[in-house]
Structures are given as C-alpha cells and as structure tokens.
Asker: 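After the structure tokens below, expect a handful of questions from me.
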Amino acid sequence: MTSPLSRWLSPAGRVLCAAIAVASVATAPLFESRIRIGAVMMAIAAAVVLGRPRARWLARRGAAAGLAVVALVIPFVLAGQTARAADVAFRAAAAIALALSFAATLSLAELPRALATLRAPRALSGAVHALLWQLEHVGDEGRSLLLARRLRGARGAFGPEVLSSLLARTAARAERVEVALALRGVQTPETSGRLSRGDIAASVAVLVLGIALHLGA
Amino acid sequence: MHLADGIVSSPAILLGLNAAGAALAVLAIRSEEQSPSRSVAFAGTLAAFVLAAQGLNVPLVPGASAHVIGAGLLTVAVGPGRAVLALLAVLLVQALLFADGGITVLGINALNIAVLPVLAVHSMQKLLGRRHVALAAGLGTFLGNVAGATSLGATLVLGAGVSAKLALGFLIGVQALAGVVEGVFTAMAVRHLAQRMPSLIAANRQRDPRVPARLDRSTDDARSSESRRGLAWAAVAMGIALALLPFASATPDALARVLEQVRPAP
C-alpha cells in the first residue's frame, strides 16, 4: 500500500522535505526544553504514520545507523560528558528516525528523478542513476562468484581474489554500459520536472516548523 | 566511518565544512582526463561495485568482521576522478535511502570517505610508481583511513566540542586498525589484478582514443585554472567557517543566542 507521503508529494518533494526536517532537528538545541523534545517526538510519530515504513526494515536500518551513532558518542562518554552524550545521541536518533521515515517512501527508481528535479549536479544524478540501475546485476555477479568458489570446494572466508574478480567484471560491465548509452545517443539525464505546488507548500511548512523548533522555548 | 546527522549541531561549522568537502570533491572529479559525460555511467556502475563489495564481510576474528570500502581498489583501477564520483554517488544513496551517514553532513562525509582516501592512494601511486602499485594501494588505503579519521576527529572537536585527545585518539586508533586490514586486503586484490588483468590498472592504460580531443577537457591551461578556482572556493568556504567560528559553540544554544542578539528587544 502506498503511503500518504508518497501520494501527496513527488519524490523530489519528499527528498526536499526530508532534508529540511533532518537539518532542523540535527541543529536544534533539543535538550534545552521539554516542549522541543515533545515537538520532535510528535514530528517523528507523524513522519512514521505518513511514511508507513515497514517495521522490520525500520528496525534493521535503525539498528545499523544507531551503531554508528554509538561509536561517535563514545568520546563524549569517555570524557565524562554524559549529559552532552545523551543530548547528541537523542538528536542523532531523532534525525535518523525522520530520515528513515522519508527514505521508506523512496524507491530506487525514484531517487535519480528526484535529484534531477532538484537540479543536483548532472554528473552526480547520472552516477546515481547508473548505480541503482546496475546494482542488482553487480550483486548477482558477486553472488555467482561466491557460489562458483563454493562449488569448486573452497570453504571459509573468501580471499581478495573474489573482490578483484568482481571489480574486473564490473569494469567490463561499465564499459559495455558506456558504449550502449553512447550508441543510443544518451548522455547524462536531463534535468526534468519541477516541484509541484504541493511540494513547495509542504517544504515551506516543514521549514517554518523547523524554524519554530529553533526559536521556541 | 560515516558521520551521522545531529552529532555536529553548529550550522556555521556544518556550512563551512560541507562546502569545503564539496569543493574538494568537485576539484578531484574535474582533475580527470576523460570527458565528463563519459565518466558518469562508468563511475555509476563502479559505484554499484562499491555497494556490492561493502556487503561482503571479511572475518577479522571469530565473531567479528569488517567490510572494505573500496576506495583503494577503485582509485587504482579507474583513477581518482571517477573514484571520487563513484564514492559520492554511494554516499548520496546511503544517506537518502538508508540513513547511513547524515544528509546534513554529506560534504563532510565526502571529504572523509571519498576525497581523502582516494587522494592518499593516488599520492602513494605517484610516489612509488607503477612497479609498486600493490604496495601503493595498500599503504594509501591505510593512510587514507587514518586521514579520514583525523578529519572526522577534527570535525568533532570543532563542531561538537569533544576533547581533541579523546576524539582523535579513539577515532584514529579504530580506523588505523581497520585501515591495516583493508590495506592488506586491497594490496592483495591489486596484486591479483596486476597479475591477471594488468590492463585494468589505470596507470597502465594509454589515453583512450575513443574520446575525441575536443571533448577532452584536460588541456593544461584549463585544468590549472579550474584547479585554482576550485582551491579558491574551498579556501573561501573554510574562511567563512573560521570567521563564523566565534558565533558557533559546542553548546547547543549557539544559534538561539545569535538570534536573540539580532531580534529587536520587545
């Protein structure tokens, strides 16, 4: 079932709202005021309800991102700044929860279009397009390499030759992709589309709420 | 190590460091000899290799494993410009689709995970020459990890008020260990490549005759003026960050304090 966010906003609108929401929460002095903490919790709840991320996906991605936050908070704890550590950890966790709620509404195919609409550098949106287009094929190559290795009787951890073989195969694929695009006359993706009025209104609303979060007591 | 959102909360530091990271990344990408449109699909496909390779875990000790980033292998195989572009694409996808690495710190992550490791490997290649490409890749990977950790530690000290000794000591220690493992792995992988497919090593390839000279943007004059422009922008960005530093504070209420000062009194 598509989420309300997916129905109301275009992919570019969702990326823009996500960036504004995450930036607002990531730079706000949350622990200074209970009202701010409550407002952020409500924003996260709203994002989860409107984004409808799958629970298992959210838990898995959240745990992976959370580990990185724990590693970065350790210097605060070692310095005895536990209150500061809690503040940083809460802010980071809130930002991750918001980012994941929006990320759950974006499919692989939608991201390159969103970047092109937002006028991201063409080289970057083109590289992202090629990445997402080829990801499954390259993943299949990697799996077939590991399977072939097991079928030849190898056991245990794989060696660096698997990585170099995968790189060689991927480079050959990259050459073929490049030639195919050149033969079709396709260069980097053109900038496409514009933000709709709904996207702009939603982005402005999120921006206003973000500023209120900073200014409110 | 990816920096997450919310760890560095000072908008001034975020703006300055992100701008500097982005400027250096653009500089590294434009330093390549290939035409830009030719690089994009190639770099994007290789970015898929980076994501796929990061899914392959290398056991360290029983019960613990690590994953390679791939900057060293990429740099050796395709050169620094394409390697940085590929890694940037990976960082963007990870931040927007998986919340792995922050959206507000993309420029900083680009500096620590793409630019510095790639430049370290490329510098080692230039220093040690073609004959020692595996050693250059291994050493460069290790140094790149340490450089990235140092930059991340400096970011935490400047932007989050962490004690320098702890931030740098902890991060550099952890990343140095990971760098040793990844460096050895990368060196072995590059040696395997050099033995079986030497044509895949970028330094061994001639300039591609399929790219017409008029599309090749790398005349010496154009490249050096672009390099000067890029360095100038990076310097401006860092200057802005340093000029704003007195207004930035490790404590979370810096922006609120500045806004209170500029709002008219009731």
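Owing to the predicted nature of the structure, the values given are computational and were not obtained by experimental measurement. Side-chain atoms are counted along with the backbone in the values below, which use heavy atoms only and exclude waters and symmetry mates. We name chains A, B, ... by the order of the sequence lines, and we start the count at 1 in each one.
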Asker: Using a cut-off of 6.0 Å, state whether more than 12 heavy atoms not belonging to A:R54 lie near its atom CZ.
Answerer: no
Asker: Side chain to side chain contact (heavy atoms under 4.5 Å, CB included) for A:L108 and B:L97? Distances and angles first, verdict last.
Answerer: CA-CA 8 Å; A:L108 296 187; B:L97 291 183; 3.4 Å; yes
Asker: By a 4.5 Å heavy-atom criterion (distance strictly below it), what part of B:F49 contacts chain A: side chain, backbone, both, or neither?
Answerer: both
Asker: Using non-hydrogen atoms and a 4.5 Å limit, figure out which bit of A:L106 sits close to chain B: side chain, backbone, both or neither.
Answerer: both
Asker: Heavy-atom distance under 4.5 Å between the side chains of B:T45 and A:L131, does that happen here?
Answerer: no
Asker: Quick one, A:L72 and B:L3 - any side-chain contact, counting heavy atoms below 4.5 Å?
Answerer: yes
Asker: Counting heavy-atom pairs under 4.5 Å to chain A, which of B:L73, B:V8, B:D100, B:L14 comes out on top?
Answerer: B:L73
Asker: Considering only heavy atoms, which portion of A:V88 lies under 4.5 Å from any heavy atom of chain B: side chain, backbone, both, or neither?
Answerer: both
Asker: Name the region of A:L98, side chain, backbone, both or neither, that has any atom closer than 4.5 Å to a heavy atom of chain B.
Answerer: neither
Asker: Are B:F170 and A:I74 packed together at the side-chain level, in the sense that at least one heavy-atom pair is separated by less than 4.5 angstrom?
Answerer: yes
Asker: Which donor-acceptor pairs under 3.5 Å do side chains of residues 164-173 of chain A form with protein atoms, sequence neighbours excluded?
Answerer:
from	atom 1	to	atom 2	distance (Å)
A:S164	OG	A:P160	O	3.4
A:S164	OG	A:E161	O	3.1
A:S164	OG	B:H192	ND1	2.6
A:S165	OG	A:E161	O	2.7
A:R169	NH1	A:E141	OE1	3.1
A:T170	OG1	A:L166	O	2.6
A:R173	NH1	A:Q134	OE1	2.8

Asker: Using heavy-atom distances under 4.5 Å, tell me whether A:W133 contacts chain B through its side chain, its backbone, both, or neither.
Answerer: neither
Asker: If I measure from the heavy atoms of chain A, does B:L46 come under 4.5 Å with its side chain, its backbone, both, or neither?
Answerer: both
Asker: Could you tell me if the side chain of B:L88 sits less than 4.5 Å from the side chain of A:V128, heavy atoms only?
Answerer: no
Asker: With only heavy atoms counted, which part of A:Q81 is less than 4.5 Å from chain B, the side chain, the backbone, both or neither?
Answerer: side chain
Asker: Sort B:V90 into side chain, backbone, both or neither according to what part of it lies under 4.5 angstrom from a heavy atom of chain A.
Answerer: both
Asker: Are any of the side-chain heavy atoms of B:L96 and A:L115 separated by less than 4.5 Å?
Answerer: yes
